[in-house]
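Residue indices begin at 1 and follow the sequence shown.
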Amino acid sequence: MNLWWLVSIFSFCIGTAIQGALKPEVLNVGAIFSFGTVNGQVSRIAMKAAQDDINSDPRVLGGRKLSITMHDAKFNGFLSIMGALQFMETDTLAIVGPQSAVMAHVLSHLANELQVPLLSFTALDPTLSPLQYPFFVQTAPNDLYLMSAIAEMVSYFGWGEVIAIFNDDDQGRNGVTALGDKLAEIRCKISYKSALPPDQSVTETDVRNELVKVRMMEARVIVVHGYSRTGLMVFDVAQRLGMMDSGYVWIATTWLSTFIDSKSPLSLKTAKSILGALTLRQHTPDSKRRRDFVSRWNTLSNGSIGLNPYGLYAYDTVWMIARALKLFLDQGNTISFSNDTKLNGLGGGTLNLGALSIFDGGKKFLANILQTNMTGLSGPIHFNQDRSLLHPSYDIINVIEHGYPHQIGYWSNYSGLSVVPPEKLYRKPANRSSSNQHLYSVVWPGGVTSKPRGWVFPNNGRQLRIGVPNRVSYRDFVFKVNGTDIVHGYCIDVFLAAVRLLPYAVPYKFIPYGDGHKNPTYSELINQITTGVFDAAVGDIAIVTNRTKAVDFTQPYIESGLVVVAPVRKLNSSAWAFLRPFTPLMWAVTGVFFLVVGTVVWILEHRLNDEFRGPPRKQIVTVLWFSFSTMFFAHSKFSTLTIFAASC
């Protein structure tokens, strides 16, 4: 009996030890960030807060502790790789990061091999495909949705072309490519891509050289996609070059709203340089948990930096890992690592490659992460089949006086542009018609409130040479101001009105044709177009058959034909206005004819017709009455000769 008890106790102790080894008390998670950046500082504080909240509640991990080891990449790709390798040597279950898309492309290959999930809320390159990088998970909306929002803003304001300024790295290039694709869907385009060196190596000279080129172009809608260091440098140089005046449109991606949220109040210099810019911020719905965390932030950060949406995503990402680990362990899985046989044949030298091991439960753990369905500080968190987050949305911000971020609306991939928070529209049927797209008014660069046209006449292209006849006569149609090259006239006004209606810039220059002493020959002017001297001609040029064989004409805007031109005089109305159709001489001649006709009729009728007899007075009255009455009706009681005389 005693032997049986000894065996039972020994077996229990061995089982407990094995279970303890398979279910460790400390769960290791790594984090790779550059903690000298705004997002790095905010993320570090938020992840530490999440770790403390998780460990303070034994129900989350069943009494186990979550340990997050922070690795500072210091803006260096090599240090990011070394940090990831160090984590892989210490049985790390997941890594939060990396911060940049450049390193995400590199470290994802390591994660795929060792089956350790990478979760990043800042490396949002849309080309980080889950098909190529299955162990890389983006826990914030990727830049494809950000570029969709910008494209819809461009369409909403009626612009056709934009200029993209970006850092020439994976995140910058691929983000701008996505923007170009989204603009093409709405028949817009990127007219020029201004690539700057990576964020840590870009200089003010690089920025100035590019902005000088941009200033010479016709597009005035400029999208800045990059990082806060580069972006602020772009705005500072642009202000000094006069590119923050009225007529320009500046749209910054989320880096600007992040900087404003974390660094407010801004310096006067910075606030002035970004006045009138538009930017976007990840939309995080209001909730009690979010308000409570915001109220805790000053204590957590000691007032060193303000909270931005990336801090909320950092907090939620740690909670996603904790919930997935709890589910992983509750499913009866064990945490174990095994050697990677692919490394056995490698001569590592002083490198400890043998310490790199595969997380045996990595695939199941990844599946649990992707099944996340919770409400965090950033709102509801749920992944679609393509691993995109459900209902990505953004706040649209207008930077006004003192760098204050004034919200003018929202964008959601469900409802498009709206002044109503997206979460209120999810309960309604989706309606993205243009009539339902709305934003509040904007204060544009230069302090103006009227929408900029979005383009100007460029200074870097060849101007159209427009020939205009230098007329001597009929100068109302077109004429040259003496001593200058300025031309005016009705035809010029029609041309300028047509140019203003065009949705794109048409640089041109009027060139007078003729010596100014006599009217030029219009057929020769047309020949100047066919020979390439002029690109077009504007003037009172008649459309005739021979000319239509040489050049194309616009629709005629002056109708030719027989017309009567008479001066317009202002006359006062009076009771004698009926006399105005004839001159006094004409009235006198008409009166004389009346008397002559009456006299002839009297001579012919007084011998036969009793009405023309009697006293002289009566006969005179009859003659006058007959002469006047023949104007209104025909007489039938007279002789044929009399009627003929009266009609004549």
With distance as the sole test, does [X] use its side chain to make a donor-acceptor pair with the main-chain N or O of [Y] at under 3.5 Å?
| X | Y | result |
| --- | --- | --- |
| Asp72 | Lys74 | yes |
| Asp386 | Ser388 | yes |
| Ser264 | Asp261 | no |
| Glu25 | Arg64 | no |
| Arg323 | Val318 | no |
| Gln41 | Ile305 | no |
| Arg281 | Asp395 | no |
| Thr284 | Pro309 | no |
| Gln51 | Ile68 | yes |
| Asp316 | Leu377 | yes |

Query raised in the report: Taking 4.0 angstrom as the limit, do Asp169 and Arg173 come out as a salt bridge?
Result: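 Result for this pair is no, no salt bridge flagged.
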
**Report entry** Salt bridge Lys326-Asp330, side-chain N to carboxylate O under 4.0 Å
**Finding:**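 So Lys326 pairs with Asp330 through a salt bridge.
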
For the residue pair [X] and [Y], establish whether any side-chain heavy-atom pair is separated by less than 4.5 Å.
| X | Y | answer |
| --- | --- | --- |
| Lys65 | Leu61 | no |
| Pro141 | Tyr313 | yes |
| Leu389 | His382 | no |
| Glu161 | Val221 | no |
| Leu144 | Met147 | no |
| Tyr440 | Ile396 | no |
| Leu356 | Asp340 | no |
| Thr254 | Leu146 | yes |

Query raised in the report: Passes side-chain hydrogen bond (donor to acceptor under 3.5 Å, both in side chains), Asn28 versus Thr92? Steps please.
Result: CA-CA 5 Å; Asn28 295 320; Thr92 298; 5.7 Å; no

Requested in this report: Would you please indicate if the ring centroids of His283 and Tyr394 are separated by under 6.0 Å?
Outcome: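 Distance test on ring centres: not under 6.0 Å, no.
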
Query - Near-ring test Phe121/Phe33, centroid separation under 6.0 angstrom - result: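 For Phe33 and Phe121, the ring centres are under 6.0 Å apart.
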
Work out which heavy atom in [X] is nearest to a heavy atom in [Y]; give both atom names and the distance.
| X | Y | answer |
| --- | --- | --- |
| Asn174 | His105 | ND2-NE2, 4.2 Å |
| Ser415 | Gln437 | O-NE2, 3.4 Å |
| Ala104 | Pro98 | N-CG, 3.4 Å |
| Gly83 | Ile32 | C-CD1, 4.3 Å |
| Leu107 | Ala84 | CD2-CB, 3.8 Å |

A quick test of your reading: do over 12 heavy atoms of other residues, nucleotides or ligands sit less than 6.0 Å from [atom1] of [X]?
| X | atom1 | value |
| --- | --- | --- |
| Tyr404 | OH | no |
| Lys451 | NZ | yes |
| Gln385 | CD | no |

Query raised in the report: Is there a side-chain hydrogen bond (donor to acceptor under 3.5 Å, both in side chains) between Asn302 and Ser304 once you walk through the steps?
Result: CA-CA 5 Å; Asn302 294 321; Ser304 60; over 6 Å; no

**Report entry** Counterpart residues, side-chain hydrogen bond (donor to acceptor under 3.5 Å, both in side chains), relative to Gln282 (two or more places apart)
**Finding:**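 If we apply the side-chain hydrogen bond (donor to acceptor under 3.5 Å, both in side chains) test to Gln282, skipping adjacent residues, the hits are Tyr310.
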
Query raised in the report: For Trp319, what residues pass the side-chain hydrogen bond (donor to acceptor under 3.5 Å, both in side chains) criterion, not counting sequence neighbours?
Result: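 Per chain and number, Trp319 pairs via side-chain hydrogen bond (donor to acceptor under 3.5 Å, both in side chains) with Tyr315.
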
Requested in this report: Let me see the working for Trp411 and Glu152 under side-chain hydrogen bond (donor to acceptor under 3.5 Å, both in side chains), right down to the final yes or no.
Outcome: CA-CA 9 Å; Trp411 178 89; Glu152 291 197 27; 3.3 Å; yes

Below 3.5 Å, can you tabulate the donor-acceptor pairs from side chains in residues 182-189 to any protein atom, sequence neighbours excluded?
none

Query - OG-CG distance between Ser273 and Leu232, expressed to the nearest 0.5 angstrom - result: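 Between atom OG of Ser273 and atom CG of Leu232 there are 6.5 Å.
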
Query raised in the report: Can Tyr156 and His438 be said to form a ring-ring contact (aromatic ring centres under 6.0 Å, His included), step by step?
Result: CA-CA 8 Å; Tyr156 172 80; His438 301 288; 7.6 Å; no

Going by atom types only, do [X] and [Y] share a side-chain donor-acceptor pair under 3.5 Å?
| X | Y | result |
| --- | --- | --- |
| Asn39 | Thr37 | no |
| Asp360 | Ser338 | yes |
| Asp199 | Thr230 | yes |
| Tyr192 | Glu210 | yes |
| Asn333 | Gln331 | yes |

Query raised in the report: Under 30°, 30 to 60°, or over 60°: which ring-plane class applies to Trp159 and Trp444, parallel, tilted or perpendicular?
Result: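 Taking Trp444 first and then Trp159, their aromatic rings stand perpendicular (interplane angle over 60°).
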
Report task. Go through the steps to decide whether Lys288 and Asp292 satisfy the test salt bridge (charged side-chain N to carboxylate O under 4.0 Å, His left out), and finish with yes or no. Result -> CA-CA 6 Å; Lys288 185 178 184 304; Asp292 292 342; 3.0 Å; yes

Query - Residue pair Asn167, His225: steps toward the side-chain hydrogen bond (donor to acceptor under 3.5 Å, both in side chains) verdict - result: CA-CA 7 Å; Asn167 290 109; His225 179 50; over 6 Å; no

**Report entry** With Gln171, the side chain to side chain contact (heavy atoms under 4.5 Å, CB included) member among Asp143, Leu128, Val102
**Finding:**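 For Gln171, the side chain to side chain contact (heavy atoms under 4.5 Å, CB included) test succeeds with only one of Asp143, Leu128, Val102, which is Asp143.
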
